[in-house]
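Both ligands and their constituent atoms are indexed starting at 1 by order of listing. Note that the numbering runs from 1 along the sequence shown for the chain. Every value quoted in this text rests on a predicted model; they were computed, and no experiment measured them.
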Amino acid sequence: MSAAPRDLLDLAVDVARAAGRLIVDERPPGLEVASTKSSATDIVTEMDQRSEQLIVDLITAARPDDGFLGEEGADRAGSSGVTWVVDPIDGTVNYLYGIPAYAVSVAARVGDELVAGVVVNPVSNEVWSAVLGEGAWLDGRRLQLAEPPALEMALIATGFGYDPRRRTRQAELLQVVLPLVRDVRRAGAASLDLCAVACGRVDGYYEQGLQPWDLAAGGLVAREAGAVVTGLRGAEPGAAMVVAGRPPLVAALLGLLEGLDADADPIG
Ligand code: LIP
(Lines give C-alpha, C1' and ligand atoms only; values in the text may rest on other atoms or scores of the structure.)
Protein backbone atom coordinates (compact mmCIF):
# COMPACT_ATOMS: atom_id res chain seq x y z
CA MET A 1 0.00 0.00 0.00
CA SER A 2 1.49 3.38 -1.00
CA ALA A 3 2.43 5.93 1.64
CA ALA A 4 0.64 8.65 -0.32
CA PRO A 5 -0.94 10.99 2.28
CA ARG A 6 -4.42 10.49 0.79
CA ASP A 7 -4.08 6.71 1.11
CA LEU A 8 -2.86 7.09 4.68
CA LEU A 9 -5.83 9.34 5.42
CA ASP A 10 -8.31 6.86 3.98
CA LEU A 11 -6.87 4.14 6.23
CA ALA A 12 -6.88 6.49 9.25
CA VAL A 13 -10.55 7.38 8.68
CA ASP A 14 -11.62 3.73 8.38
CA VAL A 15 -9.67 2.73 11.47
CA ALA A 16 -10.80 5.70 13.59
CA ARG A 17 -14.45 5.08 12.67
CA ALA A 18 -14.08 1.40 13.65
CA ALA A 19 -12.53 2.33 17.00
CA GLY A 20 -15.30 4.90 17.49
CA ARG A 21 -17.97 2.25 16.98
CA LEU A 22 -16.17 -0.06 19.41
CA ILE A 23 -16.02 2.46 22.25
CA VAL A 24 -19.69 3.42 21.82
CA ASP A 25 -21.25 0.03 21.05
CA GLU A 26 -19.17 -2.02 23.49
CA ARG A 27 -18.96 0.42 26.39
CA PRO A 28 -19.70 -1.87 29.35
CA PRO A 29 -22.49 -0.76 31.69
CA GLY A 30 -20.85 0.40 34.89
CA LEU A 31 -17.57 1.19 33.14
CA GLU A 32 -14.79 1.46 35.72
CA VAL A 33 -11.30 2.83 35.92
CA ALA A 34 -8.81 0.11 34.93
CA SER A 35 -5.68 1.95 36.07
CA THR A 36 -4.18 5.39 36.57
CA LYS A 37 -1.10 7.10 35.10
CA SER A 38 0.48 10.43 36.20
CA SER A 39 -2.03 11.00 39.03
CA ALA A 40 -5.14 9.48 40.61
CA THR A 41 -7.31 11.50 38.19
CA ASP A 42 -5.29 10.53 35.07
CA ILE A 43 -7.28 7.44 34.31
CA VAL A 44 -7.34 4.58 31.82
CA THR A 45 -10.35 2.39 31.09
CA GLU A 46 -10.38 -1.02 29.43
CA MET A 47 -11.92 0.68 26.38
CA ASP A 48 -8.89 2.98 25.95
CA GLN A 49 -6.77 -0.18 25.79
CA ARG A 50 -9.17 -2.07 23.51
CA SER A 51 -9.51 0.90 21.18
CA GLU A 52 -5.74 1.28 20.85
CA GLN A 53 -5.30 -2.45 20.26
CA LEU A 54 -7.94 -2.41 17.52
CA ILE A 55 -6.28 0.57 15.83
CA VAL A 56 -2.86 -1.10 15.94
CA ASP A 57 -4.26 -4.40 14.65
CA LEU A 58 -6.17 -2.83 11.76
CA ILE A 59 -3.28 -0.64 10.63
CA THR A 60 -0.75 -3.49 11.00
CA ALA A 61 -2.96 -5.74 8.88
CA ALA A 62 -2.89 -3.13 6.09
CA ARG A 63 0.64 -1.83 6.62
CA PRO A 64 2.77 -4.37 8.58
CA ASP A 65 5.98 -2.30 8.51
CA ASP A 66 4.63 0.91 10.05
CA GLY A 67 5.45 2.23 13.52
CA PHE A 68 3.23 3.47 16.35
CA LEU A 69 3.21 6.05 19.13
CA GLY A 70 0.08 5.52 21.19
CA GLU A 71 -1.18 7.01 24.46
CA GLU A 72 -1.77 3.60 25.99
CA GLY A 73 1.68 2.28 25.24
CA ALA A 74 1.82 1.33 21.57
CA ASP A 75 5.44 2.12 20.80
CA ARG A 76 7.00 0.51 17.72
CA ALA A 77 9.62 2.04 15.44
CA GLY A 78 8.57 0.31 12.21
CA SER A 79 10.72 0.15 9.06
CA SER A 80 8.50 1.91 6.48
CA GLY A 81 9.16 5.47 7.64
CA VAL A 82 5.48 5.89 8.53
CA THR A 83 4.53 6.26 12.20
CA TRP A 84 0.94 6.42 13.48
CA VAL A 85 0.32 8.82 16.40
CA VAL A 86 -2.75 7.51 18.22
CA ASP A 87 -5.04 8.70 20.99
CA PRO A 88 -7.58 5.86 21.29
CA ILE A 89 -9.95 7.91 23.47
CA ASP A 90 -9.14 11.59 23.83
CA GLY A 91 -11.30 12.93 26.62
CA THR A 92 -11.22 9.76 28.71
CA VAL A 93 -12.77 11.44 31.77
CA ASN A 94 -15.69 12.61 29.60
CA TYR A 95 -16.00 9.03 28.31
CA LEU A 96 -16.06 7.66 31.86
CA TYR A 97 -18.80 10.14 32.89
CA GLY A 98 -20.79 9.65 29.67
CA ILE A 99 -20.23 13.23 28.49
CA PRO A 100 -20.45 13.01 24.67
CA ALA A 101 -17.26 15.04 24.06
CA TYR A 102 -14.55 12.49 23.40
CA ALA A 103 -12.79 11.40 20.24
CA VAL A 104 -10.58 8.90 18.48
CA SER A 105 -7.55 10.70 17.07
CA VAL A 106 -5.22 9.10 14.48
CA ALA A 107 -2.41 10.83 12.58
CA ALA A 108 0.20 9.57 10.12
CA ARG A 109 3.72 10.92 10.34
CA VAL A 110 6.21 10.35 7.49
CA GLY A 111 9.65 10.95 8.94
CA ASP A 112 9.09 13.94 11.25
CA GLU A 113 6.22 15.41 9.23
CA LEU A 114 2.53 14.90 10.01
CA VAL A 115 0.94 14.32 6.60
CA ALA A 116 -2.57 13.09 7.40
CA GLY A 117 -4.88 13.16 10.40
CA VAL A 118 -8.42 12.35 11.48
CA VAL A 119 -10.46 13.10 14.60
CA VAL A 120 -13.76 11.22 15.03
CA ASN A 121 -16.40 12.10 17.63
CA PRO A 122 -18.23 8.74 17.67
CA VAL A 123 -21.30 10.15 19.42
CA SER A 124 -21.97 13.04 17.02
CA ASN A 125 -20.43 10.97 14.19
CA GLU A 126 -18.49 14.03 13.10
CA VAL A 127 -15.25 13.37 11.21
CA TRP A 128 -12.56 16.04 10.93
CA SER A 129 -9.78 15.19 8.53
CA ALA A 130 -6.78 16.83 6.92
CA VAL A 131 -3.95 16.20 4.46
CA LEU A 132 -0.78 18.29 4.64
CA GLY A 133 -0.89 21.02 1.99
CA GLU A 134 -4.28 19.86 0.68
CA GLY A 135 -6.75 21.18 3.25
CA ALA A 136 -9.05 20.19 6.10
CA TRP A 137 -12.63 18.92 6.12
CA LEU A 138 -15.51 18.33 8.45
CA ASP A 139 -17.69 15.50 7.14
CA GLY A 140 -16.31 16.23 3.66
CA ARG A 141 -17.02 19.98 3.82
CA ARG A 142 -13.86 22.04 3.24
CA LEU A 143 -12.88 24.17 6.24
CA GLN A 144 -11.51 27.68 5.76
CA LEU A 145 -11.35 29.99 8.76
CA ALA A 146 -12.69 33.54 8.65
CA GLU A 147 -10.87 36.47 10.25
CA PRO A 148 -11.13 36.31 14.05
CA PRO A 149 -12.58 38.92 16.39
CA ALA A 150 -10.36 40.98 18.65
CA LEU A 151 -9.26 39.31 21.90
CA GLU A 152 -11.97 40.94 24.01
CA MET A 153 -14.64 39.45 21.72
CA ALA A 154 -12.98 36.05 21.31
CA LEU A 155 -14.33 32.73 22.59
CA ILE A 156 -11.32 30.81 23.89
CA ALA A 157 -11.01 27.11 24.68
CA THR A 158 -8.51 25.77 27.19
CA GLY A 159 -7.86 22.75 29.38
CA PHE A 160 -6.31 21.65 32.66
CA GLY A 161 -3.84 18.90 33.45
CA TYR A 162 -3.99 16.05 35.93
CA ASP A 163 -1.30 17.35 38.31
CA PRO A 164 -2.53 19.69 41.10
CA ARG A 165 0.59 21.89 40.75
CA ARG A 166 -0.14 22.42 37.06
CA ARG A 167 -3.82 23.03 37.78
CA THR A 168 -2.91 25.70 40.32
CA ARG A 169 -0.79 27.47 37.71
CA GLN A 170 -3.47 27.05 35.02
CA ALA A 171 -6.05 28.60 37.38
CA GLU A 172 -3.75 31.58 37.96
CA LEU A 173 -3.41 32.07 34.19
CA LEU A 174 -7.15 31.74 33.68
CA GLN A 175 -7.76 34.42 36.30
CA VAL A 176 -5.85 36.83 34.06
CA VAL A 177 -7.21 35.59 30.72
CA LEU A 178 -10.93 35.36 31.64
CA PRO A 179 -11.64 39.12 32.09
CA LEU A 180 -9.81 39.84 28.79
CA VAL A 181 -11.86 37.59 26.47
CA ARG A 182 -15.53 37.06 25.54
CA ASP A 183 -15.63 33.72 27.44
CA VAL A 184 -13.83 30.44 27.97
CA ARG A 185 -14.85 26.87 27.07
CA ARG A 186 -13.44 23.72 28.66
CA ALA A 187 -14.57 20.73 26.51
CA GLY A 188 -12.15 18.18 27.95
CA ALA A 189 -10.45 16.86 24.80
CA ALA A 190 -7.60 18.72 23.08
CA SER A 191 -8.25 17.04 19.72
CA LEU A 192 -11.86 18.34 19.76
CA ASP A 193 -10.69 21.77 20.97
CA LEU A 194 -8.30 22.04 18.00
CA CYS A 195 -11.05 20.86 15.61
CA ALA A 196 -13.39 23.44 17.19
CA VAL A 197 -10.83 26.09 16.23
CA ALA A 198 -10.71 24.63 12.69
CA CYS A 199 -14.48 24.88 12.19
CA GLY A 200 -14.97 28.18 14.01
CA ARG A 201 -16.81 26.83 17.08
CA VAL A 202 -14.22 28.71 19.15
CA ASP A 203 -11.90 31.49 18.05
CA GLY A 204 -8.78 30.31 19.85
CA TYR A 205 -7.29 27.68 22.14
CA TYR A 206 -4.37 27.36 24.51
CA GLU A 207 -3.25 24.59 26.84
CA GLN A 208 -0.11 23.44 28.66
CA GLY A 209 0.79 19.78 29.24
CA LEU A 210 -0.36 18.14 26.00
CA GLN A 211 1.23 14.96 24.72
CA PRO A 212 2.01 14.29 21.01
CA TRP A 213 -1.13 12.13 20.61
CA ASP A 214 -3.37 14.88 22.05
CA LEU A 215 -2.44 17.36 19.32
CA ALA A 216 -1.14 15.45 16.28
CA ALA A 217 -4.32 15.03 14.20
CA GLY A 218 -6.26 17.99 15.62
CA GLY A 219 -3.27 20.28 15.10
CA LEU A 220 -3.01 19.31 11.42
CA VAL A 221 -6.75 19.87 10.94
CA ALA A 222 -6.50 23.34 12.53
CA ARG A 223 -3.44 24.32 10.47
CA GLU A 224 -4.95 23.11 7.20
CA ALA A 225 -8.10 25.15 7.99
CA GLY A 226 -5.93 28.27 8.18
CA ALA A 227 -5.02 28.45 11.88
CA VAL A 228 -1.60 28.92 13.40
CA VAL A 229 -0.70 26.20 15.92
CA THR A 230 2.39 27.16 17.90
CA GLY A 231 4.27 27.23 21.18
CA LEU A 232 5.47 30.41 22.88
CA ARG A 233 8.44 32.46 21.71
CA GLY A 234 8.48 30.74 18.32
CA ALA A 235 8.70 27.24 19.81
CA GLU A 236 6.97 24.24 18.27
CA PRO A 237 3.59 23.39 19.82
CA GLY A 238 4.09 20.80 22.57
CA ALA A 239 3.93 20.03 26.30
CA ALA A 240 5.21 23.50 27.28
CA MET A 241 2.31 25.20 25.52
CA VAL A 242 0.00 25.01 22.56
CA VAL A 243 -1.74 28.10 21.19
CA ALA A 244 -4.06 27.87 18.16
CA GLY A 245 -6.20 30.28 16.15
CA ARG A 246 -6.05 32.74 13.28
CA PRO A 247 -2.83 34.82 13.21
CA PRO A 248 -4.12 38.16 14.64
CA LEU A 249 -5.78 36.48 17.60
CA VAL A 250 -2.82 34.17 18.16
CA ALA A 251 -0.53 37.21 18.23
CA ALA A 252 -2.67 38.73 20.99
CA LEU A 253 -2.80 35.46 22.93
CA LEU A 254 0.97 34.97 22.56
CA GLY A 255 1.64 38.47 23.86
CA LEU A 256 -0.50 37.76 26.90
CA LEU A 257 0.79 34.24 27.64
CA GLU A 258 4.47 35.11 27.02
CA GLY A 259 4.13 38.05 29.38
CA LEU A 260 2.84 35.61 32.02
CA ASP A 261 5.58 33.00 31.33
CA ALA A 262 2.72 30.58 30.76
CA ASP A 263 5.10 27.96 29.38
CA ALA A 264 7.04 27.69 32.62
CA ASP A 265 6.72 24.14 33.92
CA PRO A 266 5.18 24.11 37.44
CA ILE A 267 5.98 20.42 37.87
CA GLY A 268 9.73 20.73 37.24
C1 LIP B 1 -7.00 15.07 27.80
C2 LIP B 1 -6.70 16.21 26.88
C3 LIP B 1 -7.30 17.51 27.45
C4 LIP B 1 -6.71 17.81 28.77
C5 LIP B 1 -6.97 16.66 29.70
C6 LIP B 1 -6.43 15.35 29.13
P7 LIP B 1 -6.87 12.41 27.70
O8 LIP B 1 -6.42 13.92 27.27
O9 LIP B 1 -7.25 15.97 25.63
O10 LIP B 1 -7.05 18.60 26.61
O11 LIP B 1 -7.24 18.99 29.29
O12 LIP B 1 -6.38 16.94 30.93
O13 LIP B 1 -5.04 15.41 29.05
O14 LIP B 1 -6.14 12.12 28.99
O15 LIP B 1 -8.34 12.37 27.87
O16 LIP B 1 -6.40 11.55 26.55
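- With a heavy-atom cut-off of 4.0 Å, Q170 does not touch ligand 1 at all.
- Every heavy atom of Q211 sits 4.0 Å or more from the atoms of ligand 1.
- In terms of N/O distances under 3.5 Å, ligand 1 is approached by T92.
- Remark: ligand 1 and D193 share no N or O pair separated by less than 3.5 Å (distance only, no angle test).
- Counting only N and O atoms by type, the side chains of D163 and S39 include no donor and acceptor under 3.5 Å apart.
- Looking at L173 and R169, their side chains come closer than 4.5 Å, going by heavy atoms from C-beta outward.
- Using a 4.0 Å cut-off between charged nitrogen and carboxylate oxygen, E152 and R182 do not count as a salt-bridge pair.
- The contact set between ligand 1 and A190, taken as ligand atoms under 4.0 Å from a residue heavy atom, comprises 2 (C), 3 (C), 9 (O), 10 (O).
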Is there a side chain to side chain donor-acceptor pair (under 3.5 Å) between S191 and D90? Walk through the geometry before answering.
CA-CA 7 Å; S191 58; D90 188 28; 2.6 Å; yes

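- Of the protein's non-hydrogen atoms, D90 OD1, 2.6 Å is the one closest to atom 9 (O) of ligand 1.
- In terms of polar-atom proximity, defined here as any N/O pair under 3.5 Å, G159 makes no such contact with ligand 1.
- For atom 16 (O) of ligand 1, the closest non-hydrogen atom of the protein is E71 OE1, 3.0 Å.
- Not one N or O of G161 is nearer than 3.5 Å to an N or O of ligand 1, by distance alone.
- Heavy-atom contacts from other residues, nucleotides or ligands closer than 6.0 Å to CD of E147 number more than 12.
- The option with the heavy atom closest to atom 13 (O) of ligand 1, from among W213, Y102, Y162, is Y162.
- Donor-acceptor pairing under 3.5 Å is recorded for the side chains of T92 and D48.
- Within the 4.0 Å heavy-atom cutoff, I89 counts among the residues contacting ligand 1.
- Shortest contact from atom 5 (C) of ligand 1 to any protein heavy atom: F160 O, 3.8 Å.
- Judged by the 6.0 Å and 45° rule, R166 forms no cation-pi pair with F160.
- Scanning all protein heavy atoms for the shortest distance to atom 10 (O) of ligand 1 gives E207 OE1, 2.9 Å.
- Per-residue contacts place D214 under 4.0 angstrom from the following atoms of ligand 1 (heavy atoms of the residue considered): 8 (O), 9 (O), 16 (O).
- Using a cut-off of 4.0 Å between Lys/Arg side-chain N and Asp/Glu carboxylate O, D183 and R185 are scored as salt-bridged.
- One finds a salt bridge joining K37 and E72 here, because a Lys/Arg side-chain nitrogen approaches an Asp/Glu carboxylate oxygen to under 4.0 Å.
- Under a 4.0 Å criterion applied to the non-hydrogen atoms of A189, ligand 1 contributes the atoms 9 (O), 10 (O).
- A salt bridge is absent between R21 and E26: the closest approach of a Lys/Arg side-chain nitrogen to an acidic carboxylate oxygen does not fall below 4.0 angstrom.
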